[in-house]
Amino acid sequence: MFDNVAFNVFIGLVFVFLLYSLLATIIQEIVARWLNLRARMLQKGIRRMLQDENVTYKLTIIKIPLEIWKNIVRFFVPFSGNEHSFFKIFYNYPTIKYLAESSWNSKPSYIDASNFSETIVYLLQGSQGSGNANAAEQIKHVLFTCKNVRGVDGKQVDIDKETCEHLGRLWNDAQGDINQFRVNLETWFNRTMDRVSGWYLKQTKLMLFVIGLIIAFNCEVDCIAIYRLLAKDDNARNNMVQLAVSHGSQQNTTSDKTDDKMLREASTAVQADIDQAGQILSVKVANSDSCQVCHFFQKQRAVLVEAENKLIKKKDSTSVIFKKNKNQQAELSLLIKKYEPACRNLPQASLFSWGYLLTALAISFGSSFWFDLLNKLMQIRGTGGKPDDKTATGTDKTSPPVKPVG
């Protein structure tokens with residue numbers, strides 16, 4: 001078994017990051033489900049496909065906050081001011097509309113490429129069926145004029161110029177073949193969804209960082225202080241490694257396909273593990289209270305020492321008051337000695353510590369990263385080093401060799 005102080009400290013830190021990453025991931029998943037972030041990110045991707053936007057490349061300091069606020073509003077209210085747009089009638093078409101889960105989640109969080117291409121073709125060809133010989137002519141006419149696309153409600157809308165031009169290129173590449181046009185639409189959709197997946201990953205990392213920062217400050221998870229404690233305290237380090245070993249073989253608690261019950265159970269389990277790790281690291285409330293009591297007694301002793309110095313200056317060191325002062329100092333010293341260990345073991349954290357920021361950055365990597373890293377560390381720790389000759393053969397390699405017989 002590979003056993004090293006620095007290696008075990010690293011395992012302890014990784015395990016702490018894993019626990020709080022799991023907690024942050026669970027919170028992020030709850031927020032994402034409540035705000036329907038996956039569906040909103042999908043709407044953002046399809047809006048970029050089907051709706052032209054004025055892109056401003058030169059932003060001043062004043063315009064940057066306004067642009068950020070505009071993007072946030074557009075993300076949560078994507079159809080505001082777009083009631084009569086190609087993007088709106090796309091989402092109102094039955095092949096897309098009824099993919100939604102409920103009236104609360106009224107927009108789907110996933111659309112297949114075939115659903116996308118099928119809906120676009122239906123909208124462009126209008127009342128002409130796909131088997132009708134006039135369907136191709138109708139699509140060609142709509143993409144040439146960029147007008148009179150009829151939705152299910154009978155309202156006609158125009159296609160934005162840049163979007164219409166791109167659809168026209170895809171139609172020209174298909175050489176008038178509707179089936180090939182669908183293939184081109186699906187390729188376009190899949191490439192865009194690859195970008196959307198990257199956008200959602202960035203959003204998730206940002207949310208995890210913010211949640212991690214809140215957790216770090218609220219729970220006082222200072223990774224620098226924890227590192228110092230694990231490096232100095234052998235018992236804390238060994239207990240933390242044993243706790244990591246006992247959890248290393250377990251499955252990752254979170255996944256994309258989780259319901260509310262699984263999230264509650266995972267949250268309870270992770271909170272129990274965090275409490276257990278907190279007991280090892282001596283960051284429980286009881287120790288915090290003991291530390292406060294210790295500081296109170298230290299302040300009282302400092303007041304008595306100051307009073308003693310004044311009596312000495314007055315040359316009154318033989319009075320009853322002076323002797324009573326010394327006795328009270330001795331009693332306070334015994335109490336401080338009793339409560340001081342709990343205060344000594346607590347990681348010292350100021351109002352702002354770089355350890356909080358580092359903890360939040362570590363949490364933003366996600367629970368999967370730390371779970372995989374912990375498993376790899378457990379494998380390295382379990383392999384061990386090369387045994388010495390004495391252990392391997394049962395003899396001491398320093399002993400003199402036995403002379404051969406004969």
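Treat the numbers as computed from the prediction; the structure is a model and nothing was measured.
L167 is listed as a side-chain neighbour of F86, based on a closest heavy-atom distance under 4.5 Å. For the pair T204 and Q28, the minimum side-chain heavy-atom distance is below 4.5 Å. Side chains of I11 and F7 form a contact here, defined as non-hydrogen atoms less than 4.5 Å apart. Side-chain contact check for F209 versus I363: every heavy-atom pair is 4.5 Å or farther apart. Side-chain contact between P108 and I96 is present, with heavy atoms from C-beta onward closer than 4.5 Å. Proximity of T192 to R48: side-chain heavy atoms (C-beta onward) are nowhere separated by under 4.5 Å. Between I139 and V142, the closest side-chain pair of non-hydrogen atoms is not below 4.5 Å. Under the 4.5 Å side-chain criterion, counting only non-hydrogen atoms from C-beta, Q203 is in contact with L37.
Looking only at atom types and distance, the side chain of N190 has no donor-acceptor partner in the side chain of E186 under 3.5 Å away.
The main-chain N or O of N235 is found under 3.5 Å from a side-chain atom of N239 such that the two form a donor-acceptor pair. Of the possible donor and acceptor atoms, one in the side chain of N238 sits under 3.5 Å from a partner among the backbone N and O of D234. Between the side chain of D52 and the backbone N or O of K161 there is at least one donor-acceptor pair closer than 3.5 Å. Remark: the backbone N or O of F17 is paired with a side-chain donor or acceptor of S21 at under 3.5 angstrom. Looking at W370, its side chain does come within 3.5 Å of a backbone N or O of A362 through a donor-acceptor pair. With hydrogens and angles ignored, the 3.5 Å screen pairs no side-chain donor or acceptor of D160 with any backbone N or O of E162.
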Begin with the C-alpha distance, continue with both residues' side-chain angles, and end with the deciding distance and a verdict on side chain to side chain donor-acceptor pair (under 3.5 Å) for N375 and Q379. CA-CA 6 Å; N375 282 337; Q379 292 176 3; over 6 Å; no
Determine, step by step, whether Y91 and Q43 satisfy the side-chain contact (heavy atoms from CB on, under 4.5 Å) criterion, reporting the C-alpha distance in whole Å, the side-chain angles of both residues, the deciding distance to 0.1 Å, and the verdict. CA-CA 9 Å; Y91 263 95; Q43 291 175 42; 3.3 Å; yes
Working note: V196 + K44, criterion side-chain contact (heavy atoms from CB on, under 4.5 Å); need CA distance, chi angles, decisive distance, verdict. CA-CA 8 Å; V196 172; K44 177 181 177 180; over 6 Å; no
Step-by-step side chain to side chain donor-acceptor pair (under 3.5 Å) determination, T95 to E118: CA-CA 8 Å; T95 54; E118 182 181 39; 5.2 Å; no
Under the criterion side-chain contact (heavy atoms from CB on, under 4.5 Å), I'd like the reasoning laid out for L373 against F10: C-alpha separation, chi angles, the key distance, then a yes or no. CA-CA 11 Å; L373 180 57; F10 186 58; 4.3 Å; yes
Give the intermediate values and the outcome of side-chain contact (heavy atoms from CB on, under 4.5 Å) for residues Y227 and V9. CA-CA 7 Å; Y227 159 76; V9 169; 3.5 Å; yes
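Nearest heavy-atom pair, A136 versus I178, reported as atom, atom and distance to 0.1 Å: N-CD1, 4.1 Å. Here the closest heavy-atom approach between residue S364 and residue L361 is recorded as OG-O, 2.5 Å. In terms of heavy atoms, L123 sits closest to F90 at CD1-CA, 3.9 Å. Taking all atoms of both residues into account, the shortest heavy-atom contact from A39 to K107 is CB-O, 3.5 Å. Scanning both residues, T25 and S367, for their nearest heavy atoms gives OG1-OG, 3.6 Å. Between T163 and Q51 the shortest heavy-atom distance is OG1-N, 3.6 Å.
Within the cation-pi definition used here (under 6.0 Å to the ring centroid, within 45° of the axis), K140 does not qualify as a partner of W171.
If you take CZ on F365 and CG on D372, they are separated by 13.5 Å, rounding to the nearest 0.5 Å. Atoms CE and CG, on M240 and L230 in that order, are 6.0 Å from each other to the nearest 0.5 Å. We find the CD1-CG distance between I224 and L357 to be 9.0 Å, quoted to the nearest 0.5 Å. Summarising the geometry, atom CG belonging to L377 is positioned 11.0 Å from atom CG belonging to L13; distances are rounded to the nearest 0.5 Å. Taking CD1 from I120 and CG from L170, the interatomic distance works out to 10.5 Å, rounded to the nearest 0.5 Å. The CD atom of E29 sits 4.5 Å away from the CZ atom of R38 when rounded to the nearest 0.5 Å.
Applying the 6.0 Å contact sphere to CZ of R40 captures more than 12 heavy atoms from other residues, nucleotides or ligands. Few gaps surround CD on Q156; more than 12 heavy atoms of other groups in view lie less than 6.0 Å from it. Few gaps surround OH on Y200; more than 12 heavy atoms of other groups in view lie less than 6.0 Å from it.
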